[in-house]
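Heavy atoms only: backbone and side chains are in, while hydrogens, waters and symmetry mates are out. In the text below, chain A, chain B and the rest are named by the order of the sequence lines, each starting its count at 1.
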Number of protein chains: 2
Amino acid sequence: MVTIKEIAEMAGVSRTTVSRVLNNSGYVSEDARKRVEKVIEETGYVPSEQAKSLRTKKTKVIGVILPTIQTETPSRIVTGVGKELSKNGYQILLANTNLDKQKEVDYLDLLRLRQVDGIILIATNTEPKLMEKIKEIKVPVVIVGQEAEDMMYVTYDDYHAAFDLTSLFIERGHQNIAFIGVDETDRAVGHLRKKGFLDAMESNGLMVEPEWMQTGVFDIDSGHDAMKSILEKSTKKPTATIAVTDRLAIGAMSYLKEKGVRIPEQMALAGFGASEIAKYLEPPLTTVDYQNEKAGEQAAKQLLAKIESKNYQKQIILDYRLIIRKSV
Amino acid sequence: MVTIKEIAEMAGVSRTTVSRVLNNSGYVSEDARKRVEKVIEETGYVPSEQAKSLRTKKTKVIGVILPTIQTETPSRIVTGVGKELSKNGYQILLANTNLDKQKEVDYLDLLRLRQVDGIILIATNTEPKLMEKIKEIKVPVVIVGQEAEDMMYVTYDDYHAAFDLTSLFIERGHQNIAFIGVDETDRAVGHLRKKGFLDAMESNGLMVEPEWMQTGVFDIDSGHDAMKSILEKSTKKPTATIAVTDRLAIGAMSYLKEKGVRIPEQMALAGFGASEIAKYLEPPLTTVDYQNEKAGEQAAKQLLAKIESKNYQKQIILDYRLIIRKSV
DNA sequence: TATTTTTAGGGAATCGATTCCATATTGTAG
DNA sequence: CTACAATATGGAATCGATTCCCTAAAAATA
């Protein structure tokens, strides 16, 4: 591996001059510049990022913390982040928590030690422990998917998306609507989507039976089980169900099919997340598209702007789009 | 950020001694060690990875090159890689090619410049340009998902998996079997799975009409289109179809449903990859499970062994498992 | 007791860049 | 013809660790 020192010797100049050519800074004569450039060309020299970052305190690496890489939402976000970063010569250091909340906190520390220039946190919660750590580490952090006071974030309008989706069901004549949610420590998915649903129901003067409100985790089976609970436990049967993720909806759908319940005639169904498969289900699933890739791009863009001390938007709430298919 | 120099001053020793305590090397008196440890404890000092790697030429970072993060196979592999690496204090630098072959080559260079200790390449091909670059960069590289002479790799027994799956259809009485493949530059998925299929057919004395062999790309729609071609173009109609990925199978399934073709009565169907959704399709899809996460773990394990000059297995071919469901 | 070996610890070089500061040369305004 | 600014370049310090080499004291051996 050739170093700046050797380039300097070969070009008959000092390391300083080579550095000036590299960084386009200071005064360098046309003659010297040519010689240095020629040697660089010939040797294929590329400066060591290690050495550079030791001196400059910049690594051109962004840490990305995510709960799992195996579901579509985070994958798409990372794709967006990656595209934007690579355009700007940055790279991603990946930290996968495998859904372990404690690790979200731990990785913040670890990434700081790795001297990343910034962190993108695809968050599952906004608990105080996590928020405090973010403030403590003094590395710019952008949260994706959750709102949090004082923080930089890019998120979705979960409340209104849920409100609109519920309104759609109501417009189509449904009065008894069930809801499959997740734990409310996930403010975005757990709390806001539920609130949007409940407010839409209330503002239309509709009641929600407690048995219609079920809670699952982020997998298909738990959607299946939730649907089962809804149908078995409720006395008044709902005619529609909203699940807060497509996977929960898919699980619900599989239970309905097992029981021979026709969709949407006997039970309308919708999810969130515009998963690829939704379109190919039978019937195709109504869902909400959040443009996760764009969220990732935005997060990266704002983070880089902040890092490079340019103007940036601290908080972004992205739009959503209902994709209405045959399941309603 | 506190440095080794400050720790040395606070503990009343030289940087050398602090370094010795840190690395458990050389002679340090019990007394001095205690003092240094106390100061480290109090300050929460952690040595800079930058500085360390500048000197030692080790970064404890592994580059992972993948074609996309949005499909299950690479995601699972990365999950496995991540688990194994983090156990050993290594981290992942992610390079997403977004299916651009040229970038596979480019990223090898880029990761080398970042001084990664090793690279895991989730490969889509084994073209000479790529293989040459791997040899050129002199960083240990493990290929996942493809076989390649002289290289380190972890892959699957694609040939026999396809052979067995085809045999299963034949055992169940199918004689006319269609095949939805992909481009053969992807040796594993394109070539070997096709060869396994053809050899199984041949060894049972079965003919394959050219119209039964369709080629798609790695998405659902192209499975749909391939199925369409098969049914529209063939004169003798197949009674079963094998698709080389579950997504292609899902596409094929959606076409069949559109046309009211019953599965498996009129057309049996199977895919590869054990995608999560396969189980919830209607009918549940028969598929081949490759244990991708394990492949990722193995790749990481062997790579680290190589890096740390321990014994390692250069080439690993992992087992597979047929998951037989109602679609056959 | 003399000599060798082990233990302990520091000084300084090193890794590969950037950058401050000093110096030399050339150009330009007064 | 000065004086001063602009241009051009290099020496050396710096970033934060590791590590080679050297010295000194303590312990073991002759």
Side-chain angles (χ1 to χ4, degrees), chain A residues 1-40 43-61 89 110 112-117 138-139 308, chain B residues 1-40 43-61 89 110 112-117 138-139 308:
Chain A
M1 192 99 288
V2 42
T3 71
I4 196 174
K5 196 179 152 202
E6 301 171 61
I7 300 295
E9 280 163 10
M10 292 170 76
V13 296
S14 71
R15 278 138 69 212
T16 311
T17 301
V18 177
S19 177
R20 287 196 182 108
V21 172
L22 252 25
N23 298 291
N24 241 316
S25 63
Y27 293 112
V28 182
S29 65
E30 200 47 39
D31 179 52
R33 157 164 278 118
K34 283 269 160 59
R35 285 198 333 267
V36 171
E37 276 167 353
K38 182 151 169 287
V39 175
I40 289 178
T43 55
Y45 163 76
V46 184
S48 148
E49 286 294 334
Q50 318 293 311
K52 211 152 62 174
S53 65
L54 179 59
R55 185 73 233 254
T56 62
K57 304 286 167 202
K58 301 248 163 278
T59 53
K60 289 235 160 191
V61 171
L110 203 103
R112 178 182 59 98
L113 294 178
R114 284 279 184 185
Q115 312 259 46
V116 296
D117 292 343
K138 288 177 182 153
V139 175
E308 291 164 2
Chain B
M1 193 101 285
V2 42
T3 72
I4 196 173
K5 195 177 154 205
E6 301 172 60
I7 300 296
E9 279 163 10
M10 292 170 76
V13 296
S14 71
R15 279 139 65 211
T16 311
T17 302
V18 177
S19 179
R20 286 195 183 111
V21 172
L22 252 24
N23 298 290
N24 242 315
S25 63
Y27 293 112
V28 181
S29 65
E30 200 48 38
D31 179 50
R33 156 164 278 116
K34 282 270 160 56
R35 277 185 355 253
V36 170
E37 277 167 353
K38 185 152 167 286
V39 175
I40 289 177
T43 54
Y45 163 76
V46 184
S48 149
E49 286 294 336
Q50 316 295 313
K52 210 151 63 176
S53 63
L54 179 59
R55 186 73 233 250
T56 61
K57 304 284 165 203
K58 300 248 162 279
T59 53
K60 290 234 161 191
V61 171
L110 202 103
R112 178 182 58 99
L113 294 178
R114 285 276 183 189
Q115 313 260 44
V116 296
D117 292 343
K138 286 175 182 155
V139 176
E308 290 163 4

(message) As an exercise, state the distance from CZ of B/Arg33 to CG of B/Asp31, rounded to the nearest 0.5 Å.
(response)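 Between atom CZ of B/Arg33 and atom CG of B/Asp31 there are 11.5 Å.
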
(message) Just verifying a value: how many Å separate A/Met1 CE and B/Arg112 CZ, rounded to the nearest 0.5 Å?
(response)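 With rounding to 0.5 Å, CE (A/Met1) is 4.5 Å from CZ (B/Arg112).
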
(request) Under 4.0 Å between any heavy atoms, over every strand shown, what does B/Val13 touch: base, sugar-phosphate, or nothing? Just pick one. (result)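 If one applies the 4.0 Å heavy-atom cut-off, B/Val13 turns out to touch the sugar-phosphate alone, with no base involved.
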
(request) Scan A/Thr3 against the nucleic acid and name what it touches under 4.0 Å (heavy atoms): base, sugar-phosphate only, or nothing. (result)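 Counting heavy atoms under 4.0 Å across all strands, the contact made by A/Thr3 is with sugar-phosphate only.
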
(request) Assign each of A/Gly26 and B/Val2 to its nearest nucleotide of DNA chain D by heavy atoms, then name whichever residue's nucleotide is nearer the 5' end. (result)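 That would be A/Gly26.
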
(message) Please compare B/Thr16 and A/Thr16 by the position of their nearest nucleotide in DNA chain C and report the one closer to 5'.
(response)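 Nearest nucleotide further toward 5': that of B/Thr16.
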
Could you check whether any side-chain N or O of [X] sits under 3.5 Å from a backbone N or O of [Y], counting only pairs where one atom can act as donor and the other as acceptor?
| X | Y | answer |
| --- | --- | --- |
| A/Glu9 | A/Ser14 | no |
| B/Ser53 | B/Glu49 | yes |
| A/Gln50 | B/Ala51 | no |
| A/Ser19 | A/Arg15 | no |

Determine the minimum heavy-atom distance between [X] and [Y], stating which atoms define it.
| X | Y | result |
| --- | --- | --- |
| B/Val139 | B/Val116 | CG1-O, 3.7 Å |
| B/Gly12 | B/Arg35 | O-NH2, 3.6 Å |
| B/Lys57 | B/Asp117 | O-OD1, 4.1 Å |

All N/O contacts under 3.5 Å from nucleotides 4-8 of chain C to the protein, with atom names and distances to one decimal?
unit_1: C/dT7; atom_1: OP2; unit_2: B/Tyr27; atom_2: OH; d: 2.6

(message) What range of DNA chain D does chain B touch, first nucleotide to last, counting atoms under 4.0 Å from its heavy atoms?
(response)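 Footprint of chain B along DNA chain D, 5' to 3': D/dG16 to D/dC21.
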
(request) Could you list by number each residue of residues 47-60 of chain A showing a heavy-atom separation from DNA chain C of less than 4.0 Å, or answer none if no residue does? (result)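 Contacts with DNA chain C under 4.0 Å: A/Pro47, A/Ser48, A/Ala51, A/Lys52, A/Leu54, A/Arg55, A/Thr56.
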
(message) B/Ile40 and side-chain contact (heavy atoms from CB on, under 4.5 Å): which single residue from B/Ile4, B/Val46, B/Leu22, B/Val2 fits?
(response)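 That would be B/Leu22; it is the only one of B/Ile4, B/Val46, B/Leu22, B/Val2 passing the side-chain contact (heavy atoms from CB on, under 4.5 Å) with B/Ile40.
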
